[in-house]
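Beneath this line is the structure, given in structure tokens, with notes to follow.
Both ligands and their constituent atoms are indexed starting at 1 by order of listing.
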Amino acid sequence: MTVRTRFAPSPTGALHLGNARTAVLNWLFARHEEGRFVLRFEDTDVERNVEAAEAQVLESLDWLGLGRDEGPDVGGEYGPYRQSERGGRYRDAAERLLDRGRAYHCYCLPEELEARRDAAMARGEQPTYDGRCRDLSADEEAELRAQGRSPSVRLRVDPGPVRFEDRVRGELSIRGEEFGDFVLLRSDGRPTYNFAVVVDDLLMEITHVIRGAGHLSNTPKQVLLYRAIGREPPAFVHVPLVLAPGGEKLSKREGATSVLDYRDRGYHPDAVVNYLSLLAWSSESGDEYLTRDRLVREIDLDRIGVADAELDPEKMKWLSGLHLRAEPPERLADRLVQVGDLGDEPEISRGELVRGAELLAERVQLVTELAEEMERIFRPPRRETSEAREILERDGALAVVRATGRAWEDLESWSGEELDAALREVGEATGASGRDLYQPVRAALTGEAHGPALPTVALVLGRRRTLDRLRDAAADAQTSGRHEAGEGHGDRDG
Ligand code: GLU
């Protein structure tokens with residue numbers, strides 16, 4: 001049997017991390033089993049659908065690297081993959097249940113139902129449907145239709161316990177009386193959520209329903225539907241909830257919880273996948289940093305716990321740093337291009353971008369931080385800031401800058417070791433050490449007082465730019481030195 005999992009979001013807004021975690025687990029398990037991962041949009045709730053939400057879901061899944069085997073965008077044999085396009089299938093399924101007496105037409109109007117519900121509650125009874133239309137005769141039905149009532153379709157629910165197995169929580173049981181005869185098709189022909197899900201999961205031959213524990217209350221109704229239809233339910237795997245930091249429900253929290261926010265803030269997508277999987281599951285090895293290959297290999301539904309998990313963006317950030325450093329620099333360079341406008345001023349070549357990514361990755365955790373590090377090195381040095389000027393105007397600073405320029409100019413190969421050794425020789429020759437040696441060179445190269453090791457800066461900048469900047473700094477200092485002296489004279493003369 002081929003394992004088939006599905007991710008079935010309702011396109012009502014940005015994909016938040018809780019739903020993304022559901023997608024991650026379904027995708028990992030399908031890959032682990034060499035099965036199929038299906039995307040289905042549950043868009044029957046038309047009032048709540050947000051136009052751009054479908055596109056955001058697709059963009060989020062693409063960024064996370066969760067490729068679909070079937071779905072509205074890629075097609076497949078079990079389509080269509082939007083519930084709004086599957087109306088005929090729900091009507092057919094309802095028709096079959098009606099034919100077999102497992103469902104019946106209900107002609108009660110919403111206001112009648114509401115009045116009876118209120119009365120039941122006032123009497124302290126369960127406000128479920130009272131079964132009034134359960135056993136209507138053909139004549140009674142004809143009469144109600146003649147009144148202009150269009151019926152909904154309800155499932156005939158027998159009293160007694162509904163038992164089902166959840167892979168995470170074991171056997172669960174709920175009494176059928178608690179929800180009564182529920183609606184499958186509304187009077188306008190639209191399916192209810194539970195009915196559409198079951199019809200789709202059956203027709204799409206879904207073998208494992210992996211979803212948030214919030215859906216546990218729907219499962220008994222779905223189990224009853226499988227029974228009424230006469231088919232075995234899939235395996236149910238209800239994963240614990242993802243909570244916002246502080247323990248609030250994620251859906252109640254505004255902002256900064258959508259997948260695309262984390263992309264824009266520079267998190268590495270592999271880290272997000274890795275982190276989200278850990279919110280439900282743990283590797284037997286105890287390792288937390290897990291590559292995608294390892295996740296696929298090790299994912300195990302029996303290791304999913306029951307405890308709800310709070311988001312910890314700091315931990316995700318730490319994982320981001322690890323995944324970022326594990327990535328080939330060419331791919332990192334692609335990500336740099338995506339996050340920033342690097343390469344505008346001055347022109348940065350592809351090769352320089354790749355080399356920079358390789359050299360600077362160890363200093364950062366986020367792709368945006370990498371872009372900033374790069375930007376701080378490549379942008380024209382800000383030697384006019386008071387800090388840089390103070391450094392470059394110290395006694396001996398210019399001599400150090402000039403000597404470094406000469407020493408580096410003579411290097412056979414532009415390598416970290418040679419640059420480092422030459423810099424140390426400059427220190428010996430000029431008598432400068434520590435900050436008196438490093439700070440003038442750094443201020444000359446970037447205009448800053450702090451940053452990566454100088455050989456790293458020189459490697460990122462490359463030979464030509466480095467030597468130009470050292471020369472420019474020396475020339476600038478000289479000009480401004482004369483200028484200041486001249487002004488001084490002018491003052492005295494005046
Ligand atoms: N459409 C449902 C949701 O967005 C998921 C249904 C399911 O996984 O069974 O939460």
Side-chain angles (χ1 to χ4, degrees), residues 3-30 36-50 52-58 60-61 66 68 70-72 78 80-86 89-90 93 164-169 172 182 184 190-226 229 231 233-243 249-253 257-259 276 280 301 304 308:
V3 162
R4 292 175 56 82
T5 67
R6 81 323 191 255
F7 177 51
S10 306
T12 52
L15 186 66
H16 70 59
L17 290 181
N19 279 337
R21 196 269 319 257
T22 300
V24 164
L25 294 173
N26 277 288
W27 183 86
L28 287 174
F29 183 63
R36 310 273 289 172
F37 173 62
V38 178
L39 175 66
R40 178 174 79 222
F41 280 129
E42 306 211 319
D43 58 349
T44 50
D45 205 355
V46 277
E47 299 88 53
R48 288 179 61 224
N49 292 334
V50 175
E54 273 197 16
Q56 284 195 22
V57 170
L58 296 176
S60 303
L61 294 178
L66 307 181
R68 286 73 74 194
E70 297 165 32
Y78 296 77
Y81 294 93
R82 263 186 208 95
Q83 289 188 332
S84 58
E85 296 165 16
R86 298 173 62 82
R89 287 164 173 84
Y90 309 130
F164 66 95
E165 180 79 17
D166 175 54
R167 278 284 283 270
V168 177
R169 277 151 235 257
L172 300 172
F182 57 90
L184 308 182
R190 279 189 303 139
T192 55
Y193 159 73
N194 282 305
F195 187 51
V197 166
V198 168
V199 171
D200 288 347
D201 285 342
L202 269 173
L203 291 177
M204 294 182 181
E205 296 182 25
I206 299 302
T207 59
H208 293 72
V209 167
I210 305 171
R211 62 185 172 196
H215 283 288
L216 263 173
S217 57
N218 291 315
T219 311
K221 287 188 181 175
Q222 297 182 7
V223 169
L224 282 173
L225 276 165
Y226 284 103
I229 294 169
R231 297 276 299 273
F236 291 109
V237 186
H238 289 95
V239 290
L241 297 180
V242 179
L243 304 174
K249 267 193 152 177
L250 207 54
S251 51
K252 301 249 163 72
R253 188 57 97 76
T257 54
S258 91
V259 169
L276 291 178
L301 299 184
I304 292 179
D308 292 344

> For Tyr193 and Glu42, what are the C-alpha separation, side-chain angles and deciding distance, and is it a side chain to side chain donor-acceptor pair (under 3.5 Å)?
Replying inline: CA-CA 8 Å; Tyr193 159 73; Glu42 306 211 319; 4.7 Å; no
>> Quick one, Arg68 with Leu58, criterion side-chain contact (heavy atoms from CB on, under 4.5 Å). Give me CA distance, side-chain angles, the key distance, then yes/no.
In response: CA-CA 10 Å; Arg68 286 73 74 194; Leu58 296 176; 3.8 Å; yes
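Short contacts between ligand 1 and Glu42, defined as distances under 4.0 Å to a heavy atom of the residue, involve ligand atoms 1 (N), 2 (C), 5 (C), 6 (C). Using a 4.0 Å cut-off to heavy atoms of His215, the atoms of ligand 1 that qualify are 2 (C), 3 (C), 5 (C), 6 (C), 10 (O). Heavy-atom proximity to Arg211, at under 4.0 Å, picks out these atoms of ligand 1: 7 (C), 8 (O), 9 (O). Of all the atoms in ligand 1, the ones that sit under 4.0 Å from a non-hydrogen atom of Arg6 are 7 (C), 8 (O), 9 (O).
Using a non-hydrogen distance threshold of 4.0 Å, Tyr193 registers as a contact of ligand 1.
Of the residues listed (Arg6, Arg36, Glu205), the one engaging Tyr78 in a side chain to side chain contact (heavy atoms under 4.5 Å, CB included) is Glu205, and it is the only one.
Here the side chains of Val209 and His215 are not in contact, with every heavy-atom distance at 4.5 Å or above.
In this structure, atom 5 (C) of ligand 1 lies nearest to the protein heavy atom Ala8 O, 3.3 Å.
Looking at residues two or more places apart in sequence or on another chain, you find a side chain to side chain contact (heavy atoms under 4.5 Å, CB included) between Ala196 and Gln83, Tyr90, Pro191.
At least one N or O atom of Ser10 sits closer than 3.5 Å to an N or O atom of ligand 1.
Taking each heavy atom of Leu17 and Leu276 in turn, the nearest pair found is O-CD2, 3.8 Å.
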